[in-house]
Asks: 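Structure below; questions to follow.
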Amino acid sequence: MSALSAFVVPVVTLGMLWVVPTGLGLVEGPRPPGWDLLRRAWPLLALPGAVSLWLPRSGTATALAACYALATLALALQAPARTALTLPRPATWRALLSLPPGEIAVLTALVSPSVAGLALVAERAAYPLFGFELDLLALTVPHFHFAGFAAALVAGLLSRTPDEGALARTAALSVPAGTLLVLIGYFVDDWAELAGAVVLTAGMAAVAVLTLRERRGLAADPATRALLAVSALVLAATMALALWWALGEATGLPHPTLTWMAATHGLGNALGFAVCSLLAHRRLQAAGHPRPTPLPRTELPA
């Protein structure tokens with residue numbers, strides 16, 4: 001990809017081939033048509049995208065990336081299909097706005113890889129999409145696999161019911177909102193991106209606190225407790241770095257380079273937070289702990 005490739009390529013490969021299918025295996029609730037097939041086939045569908053990362057920019061790499069982008073689009077289309085199964089009929093805007101925060105976070109997770117897929121196609125084609133430099137497009141790919149997909153999904157898993165509490169609602173709403181605001185900041189200016197980073201950090205801080213609370217309340221075996229502890233502590237450190245970088249970009253104060261951020265913030269979020277957290281939640285699921293379930297149609301106001 002670039003000088004960043006030593007960090008970006010292995011991390012994105014991990015996100016495509018392991019993080020996304022593992023996360024999809026944790027999602028419960030309504031299953032739209034094609035959900036189970038898409039979930040089981042995901043590693044195969046993601047393989048062209050992973051291969052494209054390791055090739056030089058070329059037509060072949062672009063075509064492989066496009067195959068992956070189509071898979072991410074199919075996943076994104078599961079979000080409105082899932083929502084249609086959750087909302088009462090006929091659906092109304094009021095019912096849509098009443099979706100539980102945890103469900104909003106899960107829907108955000110389903111849509112996020114499609115942003116990464118689009119950025120990957122442009123980067124592999126050496127095309128400055130919307131005028132963005134190729135290095136920024138390259139970093140957009142892991143951002144929307146880990147902050148967009150993994151973090152939003154974990155926030156949803158930690159928000160089991162609509163009345164879970166203010167902190168759970170904060171996590172489930174702030175992570176999607178912060179991810180969206182960071183994306184909008186790409187198109188506006190560094191100050192807008194800083195605002196997005198602040199909201200996203202607030203959501204991630206809530207995720208870290210809830211993770212430590214879950215470690216204390218649910219995790220009985222030492223391995224799961226260790227995974228939850230590592231994911232929470234690493235998340236706190238990596239988001240502090242993200243705030244430092246965004247503040248420096250907006251104000252001109254000294255701040256880390258993109259390469260340094262990829263080696264610290266990026267690797268930390270991928271390995272320390274996403275991998276450890278998903279492994280822990282998979283262990284909790286296997287142990288029979290409840291996962292978030294959307295409200296039935298009859299409980300949503302029409």
Asks: Any side-chain heavy atom of R225 within less than 4.5 Å of one from R283?
Replies: no
Asks: Determine whether C276 and V234 satisfy the following criterion, side chain to side chain contact (heavy atoms under 4.5 Å, CB included), listing intermediate values before the conclusion.
Replies: CA-CA 10 Å; C276 289; V234 169; over 6 Å; no
Asks: Side chains of W54 and T13: do they bring a donor and an acceptor to under 3.5 Å?
Replies: yes
Asks: V106 and R82: side chain to side chain contact (heavy atoms under 4.5 Å, CB included), yes or no, with the steps?
Replies: CA-CA 10 Å; V106 170; R82 179 181 168 99; 4.1 Å; yes
Asks: Please walk me through it: do V230 and F273 pass side chain to side chain contact (heavy atoms under 4.5 Å, CB included)?
Replies: CA-CA 7 Å; V230 169; F273 167 65; over 6 Å; no
Asks: Check whether any side-chain N or O of T238 sits under 3.5 Å from a backbone N or O of L235 as a donor-acceptor pair, and report yes or no.
Replies: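 Indeed, once roles are kept as given, a pair shorter than 3.5 Å links the two residues.
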Asks: How many angstroms lie between atom CG of L77 and atom CG of L38, to the nearest 0.5 angstrom?
Replies: 10.0 Å
Asks: Flag the pair V182 / H143 as yes when at least one side-chain heavy-atom distance between them is below 4.5 Å, and no otherwise.
Replies: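 V182 reaches H143 side chain to side chain.
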Asks: For L55, does its backbone N or O pair with a side-chain atom of R124 as donor and acceptor, under 3.5 Å?
Replies: yes
Asks: Is the closest side-chain heavy-atom distance between S52 and L120 below 4.5 Å?
Replies: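 Answer yes - side chains close enough.
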Asks: Quick one: closest heavy-atom pair of A152 and A109, and the distance?
Replies: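 It is CB-N, 4.0 Å.
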Asks: Between W245 and L241, is there a shared hydrophobic cluster once you connect ILVMFWY residues whose side-chain heavy atoms come closer than 4.5 Å?
Replies: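 Same hydrophobic cluster.
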Asks: Check whether any side-chain heavy atom of F132 sits under 4.5 Å from a side-chain heavy atom of T140, and report yes or no.
Replies: no
Asks: Looking only at non-hydrogen atoms, find the nearest pair between R57 and E123 and report the distance.
Replies: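 What the structure gives for the nearest pair is NH2-OE2, 2.8 Å.
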Asks: What distance do L247 atom CG and L194 atom CG have between them, rounded to the nearest 0.5 Å?
Replies: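 Separation between the atoms: 6.0 Å.
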Asks: With a 4.5 Å limit on heavy-atom distance, are the side chains of L278 and W18 in contact?
Replies: yes
Asks: If you measure from CG on L45 to CE on M16, what distance do you get to the nearest 0.5 Å?
Replies: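 Nearest 0.5 Å value for the CG-CE distance: 12.0 Å.
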Asks: Report yes or no: do L243 and V199 belong to one cluster of Ile/Leu/Val/Met/Phe/Trp/Tyr joined by side chain heavy-atom distances under 4.5 Å?
Replies: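 Different clusters: L243 never reaches V199 through Ile, Leu, Val, Met, Phe, Trp or Tyr contacts under 4.5 Å.
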Asks: Got a second to check how far F149's CZ is from L24's CG, nearest 0.5 Å?
Replies: 4.5 Å
Asks: Are L228 and L212 close enough that some pair of their side-chain heavy atoms sits under 4.5 Å apart?
Replies: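 No, side chains not in contact.
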Asks: Tell me the closest heavy-atom pair linking A172 and A105, and the distance in Å.
Replies: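 Residues A172 and A105, closest heavy atoms: O-CB, 3.6 Å.
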Asks: Does any N or O in the side chain of T62 come within less than 3.5 Å of the main-chain N or O of S58, such that one atom is a donor and the other an acceptor?
Replies: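 Such a contact is found between T62 side chain and S58 backbone.
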Asks: Do L85 and P32 make a side-chain contact, defined as non-hydrogen atoms from C-beta onward lying under 4.5 Å apart?
Replies: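 Touching, per the 4.5 Å side-chain cut-off.
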Asks: Does H255 reach the main-chain N or O of L253 with its side chain, forming a donor-acceptor pair under 3.5 Å?
Replies: yes
Asks: Please enumerate all residues that pass ring-ring contact (aromatic ring centres under 6.0 Å, His included) together with Y127, with sequence neighbours excluded.
Replies: none
Asks: Mind checking whether Y68 and W42 have parallel, tilted or perpendicular rings, split at 30° and 60°?
Replies: perpendicular
Asks: How close do S174 and G203 get, counting heavy atoms only, and between which atoms?
Replies: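 Result for this residue pair: CB-CA, 3.5 Å.
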Asks: Would a distance-only check, ignoring hydrogens and angles, find a side-chain to backbone donor-acceptor pair under 3.5 Å from W244 to P254?
Replies: yes
Asks: Honestly curious: do L271 and L153 fall in one hydrophobic cluster under the side-chain, below-4.5 Å linking rule?
Replies: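 Yes; tracing contacts between hydrophobic side chains, which count when under 4.5 Å, links both residues.
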Asks: Which heavy atom of L139 sits nearest to which heavy atom of A262, and what is that distance?
Replies: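 Reported closest heavy-atom pair: CD2-CB, 4.3 Å.
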Asks: If I compare all heavy atoms of V175 with all of A155, which pair ends up nearest, and what's the gap?
Replies: CG2-CB, 4.3 Å
Asks: Do W35 and L110 have side-chain heavy atoms sitting under 4.5 Å apart?
Replies: yes
Asks: Taking it one step at a time, do R213 and L167 satisfy side chain to side chain contact (heavy atoms under 4.5 Å, CB included)?
Replies: CA-CA 11 Å; R213 182 182 297 175; L167 192 63; 3.7 Å; yes
Asks: Quick check against the 3.5 Å criterion: does T22 have a side-chain atom that pairs as donor or acceptor with the backbone of V19?
Replies: no
Asks: Do I184 and V111 sit in one hydrophobic cluster, given that two such residues count as connected whenever their side-chain heavy atoms are within less than 4.5 Å of each other, even indirectly?
Replies: no
Asks: Run the ring-centre check on F187 versus F130 and record whether the distance is less than 6.0 Å.
Replies: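 F187 vs F130: aromatic centres under 6.0 Å.
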Asks: Kindly compute the distance separating CG (L157) from CG (L210), expressed to the nearest 0.5 Å.
Replies: 11.5 Å
Asks: Nearest 0.5 angstrom please: Q285 CD to L26 CG, how far?
Replies: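 Going from CD on Q285 over to CG on L26, the span is 5.0 Å.
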Asks: Mind checking whether M204 and L267 sit in one hydrophobic cluster, side chains of I, L, V, M, F, W, Y counted as touching below 4.5 Å?
Replies: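 Hydrophobic grouping puts M204 with L267.
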